[in-house]
Amino acid sequence: MAQENVEILLASKSRKHKTNKQRDIVIVGIVAIIAVILLFLLPKFAVTTSDINQATKIDDFSNIDVAQAKSASKSRFLAVQHYFEAELKPALEAIPAETAFARQAQRLVEQLVGLFQQFALGGAYSPEIDDEIKAAEDLLQEYNQVVTESLARVESAFQNRDAKQFIVDLDGLQIIAGGNVKVASWIAKKADILQYFDLFQLANRLRAESNLEAELNALSRIDALGYSDSIINGRMFFLKDAIAEKQFALQIQATLDFISSNDFVAAKKEITKASKLFPSRSQVVELTERVDLALKKIRANQLVQLGFKKAALDDWDVAKKHFSSALEILPLHQLAKDGFERANSILRYKDKLSSIARSPLRLKSQEVLDYANQLMTDSKRFSEFSESLVNLQVEVEALIRKKMLPRSVWMDSDGKAKIRVKGVGYIMPTKGRYVDLVPGNYLFFAECKGRKTEIYNVQIPIEGDVPTIRVLCGVKL
């Protein structure tokens, strides 16, 4: 604040000093004009008037000159006094008492106050006032120069990161201009600046030690304080890249080591870290695929093992889910495919056999009976894998036996045909006889010498009347 006041005072004084000079020139000009007029008129007055009248005229001009001079002197006094009271005096008194300028400033203030009091009493403007004003302005200029130079030294110490010199210069500056806005700003930032100096020295030492992570931390703290520059920013960028490369190399190596030891879970963690640094690098892509495939195999194998464990417990529903999940991971996993197909077949046969067991009356239909028999035949190949399937087979087989009791069927013939019943055997030529057959569909072949073999499709019902079967030789060949 004092510095700003000083600069304002000096500018104002310069302007007022020019104004005073202009006013003095005007006054001198007026006096000169009066003198010329007097010189021109005096001879005329000597011819036409008396000595007394001449004396009277001269005395009148003399009185006018003195009044004007006094008026001009008073105006000048008031202007200089106002300049002193409004600007010079506050600036002089603002100089801190601890400085070498303070005593001289106090003397000048006291001297000028005394001079202004003398003028008020005597009415005469003393040239000594101008001298003291000039001395005060010179003192303020000198003081301002000292403050300016001190600020420059503080700035230089800051730029050079010279902590000792910075402290010395700033402490001295605080004494001579503590109220200055720029000085106050430096003082407010002093603690942060000293921390910045320490961090910068630390960063240099860590750089010499090749401690990249710690150096980056120190520089980052400088940046957080707000004292980073293009050099520091460039170094931080380099360090971040170098640290990333270093970490990437370590993570790739760790991934390879874990793969070698078949610890693919740990390998996955390491390659994931590496991918966050450089996701598109070929090493990352290749190792990620390799690790993921290994993990898929591991997971698929685990699911297959769980599937077979559940299958051993005859829990084929859960076993099928495990096999299915394994195939979702690895569609070409052969054991998973085999397990899934087996589980699916067993569950399908169990479902169909259960349906027959729940509705045994359906076996009255020859078509359903045939279907049940076929199911029994087809499901036998899975009997060794499922006890519950075997139990269903036994149950359905019992139901079929109940419905498959042999029925006596009367068969008419011509006594010539040798009759072959497919799946049963031969019946020698006869005119007619009873044949015991279980319900079902049969093919009867009438084989006669010299005649065409005649084929008959016969159905033996489970219940109800059994029609007579007529089997005769075919036409002559």
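Positions are given from 1 along the sequence. These values consider heavy atoms only, across backbone and side chains, with no hydrogens, waters or symmetry-generated copies.
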Peer 1: Indicate whether the side chain of Ser156 and that of Arg153 have a donor and an acceptor atom separated by less than 3.5 Å.
Peer 2: no
Peer 1: Which heavy atom of Leu212 sits nearest a heavy atom of Leu239, and at what distance?
Peer 2: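 Distance-wise, the nearest heavy atoms are CD2-CD2, 3.8 Å.
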Peer 1: Exactly one of Arg348, Lys352, Gln393, Gln374 should register a side-chain hydrogen bond (donor to acceptor under 3.5 Å, both in side chains) with Ser379. Which one does?
Peer 2: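 Going through Arg348, Lys352, Gln393, Gln374 one by one, the side-chain hydrogen bond (donor to acceptor under 3.5 Å, both in side chains) with Ser379 is satisfied by Gln393 alone.
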Peer 1: Please enumerate all residues that pass ring-ring contact (aromatic ring centres under 6.0 Å, His included) together with Phe84, with sequence neighbours excluded.
Peer 2: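 Partners of Phe84 by the ring-ring contact (aromatic ring centres under 6.0 Å, His included) criterion, ordered by chain and then number, come out as Phe116.
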Peer 1: Check the orientation of Tyr196 and Tyr227. Use parallel for under 30°, tilted for 30 to 60°, and perpendicular for over 60°.
Peer 2: parallel
Peer 1: Identify the two heavy atoms, one from Val390 and one from Ser383, that lie closest to each other, and give their separation to 0.1 Å.
Peer 2: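 Nearest pair, atom of Val390 first, then Ser383: CG2-O, 3.2 Å.
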Peer 1: Identify the heavy atoms of Leu353 and Val396 that sit nearest to each other, and give their distance.
Peer 2: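 Here Leu353 and Val396 meet closest at O-CG2, 3.5 Å.
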Peer 1: What verdict does the side-chain contact (heavy atoms from CB on, under 4.5 Å) test give for Ile167 and Leu194, after you've listed the backbone C-alpha separation in whole Å, the side-chain angles of each residue and the deciding distance to 0.1 Å?
Peer 2: CA-CA 9 Å; Ile167 293 172; Leu194 293 177; 3.8 Å; yes
Peer 1: Which heavy atom of Ala326 sits nearest to which heavy atom of Leu303, and what is that distance?
Peer 2: N-CD1, 3.6 Å
Peer 1: Going by atom types alone, do Asp257 and Gln253 pair a side-chain donor with an acceptor below 3.5 Å?
Peer 2: yes
Peer 1: Test salt bridge (Lys or Arg N to Asp or Glu O under 4.0 Å) on Asp223 and Lys240; report intermediate values, then the result.
Peer 2: CA-CA 14 Å; Asp223 184 55; Lys240 288 177 182 178; over 6 Å; no
Peer 1: Not counting sequence neighbours, list each pair that qualifies as a ring pair (Phe, Tyr, Trp, His ring centres under 6.0 Å) and has a residue in residues 270-298.
Peer 2: Phe248-Phe278
Peer 1: With sequence neighbours left out, which residue pairs that include part of residues 287-324 fulfil the ring pair (Phe, Tyr, Trp, His ring centres under 6.0 Å) condition?
Peer 2: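 Ring pair (Phe, Tyr, Trp, His ring centres under 6.0 Å) check on residues 287-324 returns Phe308-Phe323.
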Peer 1: Is it true that atom CZ of Arg290 has more than 12 heavy atoms of other residues, nucleotides or ligands lying nearer than 6.0 Å?
Peer 2: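 Incorrect, the count does not exceed 12.
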Peer 1: Would you call the rings of Phe166 and Trp186 parallel, tilted or perpendicular, where under 30° means parallel and over 60° means perpendicular?
Peer 2: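 Phe166 vs Trp186 ring planes: perpendicular.
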Peer 1: Return yes if a side-chain donor-acceptor contact under 3.5 Å exists between Glu149 and Gln145, otherwise no.
Peer 2: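 Per modelled atom types, Glu149 and Gln145 side chains form a pair under 3.5 Å.
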Peer 1: Do Leu108 and Leu88 come within less than 4.5 Å of each other through their side chains, counting heavy atoms only?
Peer 2: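 They are not in side-chain contact.
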